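Given the structure is predicted, the values throughout are model-derived calculations rather than measurements.
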2 protein chains.
Amino acid sequence: MKHTEGLEWAIHSCSLLAMVPTDFPLPARLLAEFYDLPEPYLAKQMQKLSVAGIVETRRGPQGGYALARQATEITLLQIVEAIDGAERHFVCTEIRRCGPTGVEDRFYTRPCGIARSMWRAEAAWRKELAAVKLSDIQKLGEDETPAEQAAKAIAWFQGKLQKG
Amino acid sequence: MKHTEGLEWAIHSCSLLAMVPTDFPLPARLLAEFYDLPEPYLAKQMQKLSVAGIVETRRGPQGGYALARQATEITLLQIVEAIDGAERHFVCTEIRRCGPTGVEDRFYTRPCGIARSMWRAEAAWRKELAAVKLSDIQKLGEDETPAEQAAKAIAWFQGKLQKG
DNA sequence: GGGCATTTACTCGGATATGATGTGTCCGAGTCACGGGGG
DNA sequence: CCCCCGTGACTCGGACACATCATATCCGAGTAAATGCCC
């Protein structure tokens with residue numbers, strides 16, 4: 001029970017994409033270099049975000065990734081589910097039906113109480129994540145780091161793109 | 001991001017242990033046979049519960065596992081953390097400090113906003129699980145299955161133990 | 001000089017190895033119950 | 001007949017293979033820009 005490490009990278013990358021204009025795509029190569037991450041694996045995470053419709057891709061020179069919609073329209077839950085999957089964490093294999101006390105399937109109309117309890121907790125978790133928008137993440141980031149950091153980051157990307 | 005399968009077995013086993021008197025230990029062999037599960041692996045889960053202090057063990061003939069305290073004093077969260085671990089699901093490696101915009105460590109006094117958001121969701125999840133007691137699970141189980149099921153299960157265990 | 005076809009370089013996307021963790025299994029340590037012998 | 005000791009069977013506990021998934025990587029498909037050529 002642990003989130004994949006790529007999830008952290010994906011969220012940070014989305015936060016970076018939210019800083020730059022939508023028509024200013026960032027290639028995976030630069031994102032990886034910015035955070036000092038293995039580039040091909042980060043690209044795989046971005047690919048998942050692309051499949052989920054969170055980011056748009058643009059191929060060829062001056063291409064890269066850009067947010068598919070405004071940062072206010074992207075929730076943390078959407079990013080997490082894009083990377084780690086949207087299926088339930090707790091799977092109920094209905095083992096209560098096995099064993100000497102199991103009865104016919106038609107008697108089990110509702111999921112078992114254990115699964116319901118686990119799923120209720122998951123619902124609370126999802127609700128919290130769905131309440132956080134990417135724009136909120138960005139605002140938190142601005143509060144905790146010097147203000148000129150964002151401008152410095154954008155300048156770094158622009159310099160890298162023009163030089164190449 | 002998925003719970004281990006052994007978690008389901010552990011919760012169901014605890015629910016079974018809550019049905020029988022505390023001085024009526026159930027061996028892992030019978031628990032596995034009851035649910036038709038691989039016995040050694042279920043034993044590993046029970047071992048984790050034992051380390052966590054949720055169940056007591058009794059060796060030798062007529063031995064087995066029994067709840068270490070009343071079902072009203074055991075929460076679902078305790079069981080889940082005993083099996084899947086109590087550490088946080090989302091780990092923050094502080095990649096914000098890397099890259100060209102990173103500054104000295106002393107400027108980062110608080111965890112980054114991404115980690116805080118993820119952890120807040122986890123806290124909501126834990127809160128829900130902590131609110132569910134093993135006795136609640138048991139009551140849910142009684143509501144959804146015929147009343148005589150519990151008695152049948154206990155009779156099955158008693159028969160198995162006397163026969164052996 | 002302007003427009004167009006070609007080339008080129010750069011990007012993403014899926015197929016492919018490797019390592020860690022969950023899954024499944026086995027054998028030894030410990031303990032209680034039973035049975036036999038002695039008092 | 002009762003008590004004690006030795007034996008045995010049954011239990012848990014930790015050490016040991018295997019499978020699956022996350023991690024890390026590579027090469028081909030696609031595209032926009034730049035270039036050179038023709039008009």
Select base, sugar-phosphate, or nothing to describe what B:Pro61 touches, counting heavy atoms under 4.0 Å on all strands. base
Look at the side-chain N and O atoms of A:Arg59 and state whether any lies under 4.0 Å from the OP1 or OP2 oxygen of D:dA32. no
Hey, does the side chain of B:Thr57 come within less than 4.0 Å of D:dG13's phosphate (OP1/OP2), counting only N and O? yes
Assess whether a salt bridge exists between A:Arg120 and A:Glu122, defined as any Lys/Arg side-chain N lying under 4.0 Å from an Asp/Glu carboxylate O. no
What is the distance, rounded to the nearest whole Å, between atom CE of A:Met1 and atom P of D:dA22? 13 Å
Using the six-membered ring wherever Trp is involved, compare the ring planes of B:Phe34 and B:Phe157 and label them parallel, tilted or perpendicular (cut-offs 30° and 60°). parallel
Using whole Å, report how far CG of B:Leu161 lies from P of D:dA9. 19 Å
Candidates D:dA24, C:dA33, D:dG13 - which lies nearest the side chain of B:Tyr65: D:dG13
Does A:Ser50 have a side-chain nitrogen or oxygen under 4.0 Å from the phosphate oxygens OP1 or OP2 of C:dC12? no
Return the 5'-most residue of the pair A:Thr4, A:Gly60 with respect to DNA chain D, ranking by each residue's nearest nucleotide. A:Thr4
Taking NZ, NE, NH1 and NH2 as the nitrogens, is one of them in A:Lys2 or B:Glu87 under 4.0 Å from a carboxylate oxygen of the other? no
If I take atom CH2 in residue A:Trp9 and atom P in nucleotide D:dA22, what distance separates them, rounded to the nearest angstrom? 14 Å
Whichever of A:Pro27 and A:Lys2 has the more 5' nearest nucleotide on DNA chain C, that residue is A:Pro27
OP1 or OP2 of D:dC10 less than 4.0 angstrom from a side-chain nitrogen or oxygen of B:Arg29, does that happen here? no
For the residue pair A:Tyr41 and A:Trp9, does the interplanar ring angle fall in the parallel (under 30°), tilted (30 to 60°) or perpendicular (over 60°) class? perpendicular
Got a salt bridge between B:Glu94 and B:Arg97, using NZ or NE/NH1/NH2 to carboxylate O under 4.0 Å? yes
For A:Asp84 and D:dT23, give me the distance from atom CG to atom C1', rounded to whole Å. 13 Å
Please report, rounded to the nearest Å, how far the P atom of C:dC32 is from the CZ atom of B:Arg58. 7 Å
Which of residues 30-48 of chain B have a heavy atom under 4.0 Å from DNA chain D? B:Lys44, B:Gln47
D:dA29, C:dT23, D:dT23: which one has an atom nearest the side-chain heavy atoms of A:Glu5? D:dT23
Carboxylate-amine/guanidinium proximity below 4.0 Å for B:Lys133 and B:Glu73: no
SB check A:Arg126 A:Glu81 (cutoff 4.0 Å): yes
